[in-house]
Every structure is written in structure tokens, then in C-alpha cells.
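A quick write-up on the structure given underneath.
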Amino acid sequence: MRARLAAALLATVASAAVAAPAAPAGATVVALSVTAAGAPAPLFDGPVDTQPHPVDGGDGSGAHPCSGSPSSAPGPTATGALDDAMRTAGIAWRGNWDPSFRDFFIDRIGPYASAAPDRYWSLTVNGRFSAGGCLAQVAEGDSVSFFYGPLYGQGSPQPPPVSPQNPGGGAGSPGAAAKAGPSSKRLRRVVANAILFLRRQRGEAWARLALALRGDGSPAAAAAALVGPRLHAQAANGSFGADVNATALAVLALRDSRPRAAAHAAAWLVANQSSNGGFGYRPGVEPDIDTTGLASWALAVGGRSAALARAGAFLRSAQSADGGFPALPGGDSNAQSTGLATVALRLAGIDPRRSLAPSERGPLDYLVSLAHRDGSIAYRPGSSPTPAWTTAQALLGLTGRARLLDLDAGGTAGSIR
């Protein structure tokens, strides 16, 4: 049976290549790969001629613009190329249109449908992860890859993508072998020392939250303290002061005690997520790493997996070559942004022990490299302006997924899980 399926899939790919018409004038040619983990062959692997065109994802909402950001000139896109290739190959696909994102969430290609907890379609363009395929414009010769499996292809057996920036693949690309990160012994020592340091700094509100997740109090109560009086003033739209950070913390604080209020707040976050998957501190403000990391935590707690996936893709694309994360994409890495981004990566199902950027360093390598003997973690090399605040948010990034989702009793201090 497996051999027959492999032969059928290979025949589909071969017939698609033979049947492909000559490229129309002005068409952009990209290399498209559509691959599912465990499949005997790719669903599609070859060149695609594509032009900007409306796309119907088959969800009943009709055709939608699929030619890049509304603020840019129309151009060919990754999802447009997928649509062209699948129609040529005779392979059905489905995407659910989200008007707030102005993009599709790819639900199914061929027989492979998105399913919790770890089977989703993800997209890379030239090896960089993209939150939306209709917003991701492509150029001649680009490498476009749709992969089905663990979120963002973590652990994917596929070879590293080839791109103009990385013509031979190699260690810096997402599919390549990656360093495993710092040793468990080193991580435990850094965590234990950071906990001892923060116990001497209990007056810092973020320290109380980081310690509560380690068993020192209630994480929900600590999150509520960070929101302050605004926690009792939820707006009709679900937000808390139209502040993304306060609303995200409110979701953490209220999930168990006031679940309807928490769900309303999470819905407001989803409605105000930027088209690239990130979050600014207020709606319409440029997305930043810290706010996106905190909002992602709330999305995970609120069960908003599609929005979490988009936020994870935005964060992953913003990682620096040193393994850390900057406050804004393209800036210099710091421990606070890296800590909150790593929270989101864990919750999105991405292993932070592995290198994600074009280097051999991952976010845990970066955080561990900033640990001081007194237990504090520097903001960046040679700079520690707010040691308690920085150490607390770095410790959040060193906290396992189970603890991050346990907002009632917290966990047992001293270990990573």
C-alpha cells in the first residue's frame, strides 16, 4: 500500500511538471516545495510560474486579494504560487480567510489537514518563516516551501532550502543540523542561581511572576498585580485600557477565576494582531518582540492556536544571528526580549534549545551567556541597568511549557520541564 501511494504521488508530481504550460509573459518563476512529514514523496516539488491574482481558498468566502501588503505594489506571492501549482497538479487545498489578517490560514493541502497539537502547515520563503502567504511577495528564483508536520517544520527531515542567500543550504538554514544548545547541567545552574537572586528582589513585580511559576506563590495573582487597578476596568471590547500588554496579563490573571472575561480579552488580542503576526503595545503601533512574546503567552492560555502560530512565525523571523532577540526586528539582542520571545517559542512548539537563526546559537545559548555569578542575567553584554527586571524576564524564557500554562499552583523550583 505504501509503495502504491508513493508511486501515485510521484506520478502526480511528474504529470504536473509535464502538463505545466509555458510561462505567460511577465510571470515570476519560483521553486515550490509542498512536503508532509512522513509522506513517501512531496506533493509538489518543482518550478511554478505565478502572477498576482485573487485566490479562492475553498472556504466558501470566495476569492480574495493575494498580492502582498495593501501598502505595497501588487506582486506575486507564496500562496498565489501554491494556488497555481495545486490547480495545475489537480490537488485540492483549503485555506480559511481571516479578514483581520487579510490572509489565509492554510488548513489542508491534499490529504493533510491541520490538527492539534502538532500538525500544521507552515511556510518559508528563502528559508525564512512567514506568517502569511498572501502577504509574502516572492521574486524570480525564490525558494518557497510549505511543510506539514510539527509547527514550522521543527525536526523536519527535509533538506535545507536553497535560496540566493544560501545557494547550498548548510548549517545556517532551518532544515540543517542544529546545535543542541547549552547542557542541561549548565541550564539548571543558571536557573537555580537566577531564582536565588530574584528571591532577594521580591519587590520587583516581574520577579514575583517568574518566581510564582517556580512554586513561590500564585502566577495568576502575580499577573494580576502587574495589571494593577486596570484589572477591574475591562472595556466593552474586551481590552484593558486598549493596552496589549495589560490585556495579555489580564488573560493570565483571569483564566481560572473569570474565564469569560479572559476569553473576551483573548478575542480582542486576536482582533488586533498585526498582519505580519506581531503585536505592538497598542493597536496600530509597530509590532515589537516583547509585546508579541507576552501576547503569545496569553494566546496559548486562551487556546488561540492559529493566532499563536502567526505570532511564532513573526518572532522566529526576527531572531538575530547571535541567537537572541532584539526589542524591534533588526535591532540588537537583549535578554528581556529574548526571554519573552522564548516563552512564545516554547508555547508554539518550537524547541529553544536548537539554533534558529543563521548561526549555531539558539536563544538559550544567548541567555546563558549573560548569566553572572550572583545569579543575575545581564541585559546585554556589559550592560545591566535593571538587573531584577531583566533576570525575571530571562527566567521566564528558561521556564518550561508546562509551568507557563499552570497559572494556579505553579511548579517546584529548581528544574526545567
Side-chain angles (χ1 to χ4, degrees), residues 1-21 23 27-50 55 57-58 66 76-95 104-115 118-130 132-134 136 138-170 173-178 309 313:
M1 179 65 182
R2 183 179 179 88
R4 289 199 300 273
L5 177 59
L9 288 171
L10 288 170
T12 298
V13 175
S15 64
V18 171
T28 296
V29 180
V30 300
L32 175 69
S33 171
V34 183
T35 309
L43 288 173
F44 190 96
D45 190 9
V48 176
D49 310 314
T50 188
V55 170
C66 191
T77 62
T79 296
L82 173 72
D83 182 56
D84 288 331
M86 295 301 95
R87 284 189 290 105
T88 299
I91 300 173
W93 73 280
R94 176 186 172 93
F104 292 101
F105 181 75
I106 304 297
D107 180 61
R108 178 189 293 271
I109 303 177
Y112 302 102
S114 297
D118 62 354
R119 289 293 181 267
Y120 296 94
W121 282 100
S122 55
L123 166 66
T124 63
V125 178
N126 294 331
R128 294 190 66 83
F129 290 83
S130 174
C134 279
V138 293
E140 186 79 15
D142 278 353
S143 175
V144 178
S145 175
F146 287 86
F147 176 76
Y148 176 81
L151 205 57
Y152 313 117
Q154 186 76 26
S156 164
Q158 65 182 346
V162 177
S163 71
Q165 292 76 27
N166 187 23
S173 57

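Residues take their numbers from the sequence shown, with the count starting at 1.
- In this structure, Thr124 and Phe146 have side chains that are not in contact, with every pair of non-hydrogen atoms separated by 4.5 Å or more.
- When all heavy atoms of Pro111 and Leu43 are compared, the pair lying nearest together is CD-CD2, 4.4 Å.
- Remark: Ala31 engages no residue in a side chain to side chain contact (heavy atoms under 4.5 Å, CB included) (not counting sequence neighbours).
- No donor-acceptor pair closer than 3.5 Å links the side chain of Tyr148 to the backbone N or O of Thr35.
- Summarising the geometry of Trp93 relative to Ile106, their closest heavy-atom pair is CZ3-CD1, 3.5 Å, with the distance given to 0.1 Å.
- Remark: Asp107 engages Arg94, Asn96, Ser114 in a side chain to side chain contact (heavy atoms under 4.5 Å, CB included) (not counting sequence neighbours).
- Aromatic ring orientation, Tyr112 versus Trp121: perpendicular (interplanar angle above 60°, classes split at 30° and 60°).
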Evaluation steps, side chain to side chain contact (heavy atoms under 4.5 Å, CB included), between Asp49 and Asp84: CA-CA 8 Å; Asp49 310 314; Asp84 288 331; over 6 Å; no

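- Judged purely by atom type and a 3.5 angstrom limit, Asp142 uses its side chain to pair as donor or acceptor with the backbone of Ala139.
- The residue from Asp83, Thr77, Leu82 that alone fulfils the side chain to side chain contact (heavy atoms under 4.5 Å, CB included) condition with Val55 is Asp83.
- Under a 3.5 Å cut-off, the side chain of Asp45 and the backbone N or O of Ser33 do not form any donor-acceptor pair.
- When all heavy atoms are compared, the tightest approach of Ala81 to Val48 is O-CG1, 3.6 Å.
- At a cut-off of 3.5 Å, with distance as the only test, no side-chain donor of Ser143 or Asn126 sits close to an acceptor on the other residue.
- Contact record, Glu140 with Ala27: OE1-O, 4.0 Å, taken as the closest heavy-atom pair.
- Closest heavy-atom contact between Val29 and Pro47: CG1-CB, 4.0 Å.
- Residues Phe104 and Cys134 meet the side-chain proximity criterion, which asks for heavy atoms closer than 4.5 Å.
- Scanning all heavy atoms of the two residues, the minimum distance from Ala136 to Val125 falls at CB-CG2, 4.4 Å.
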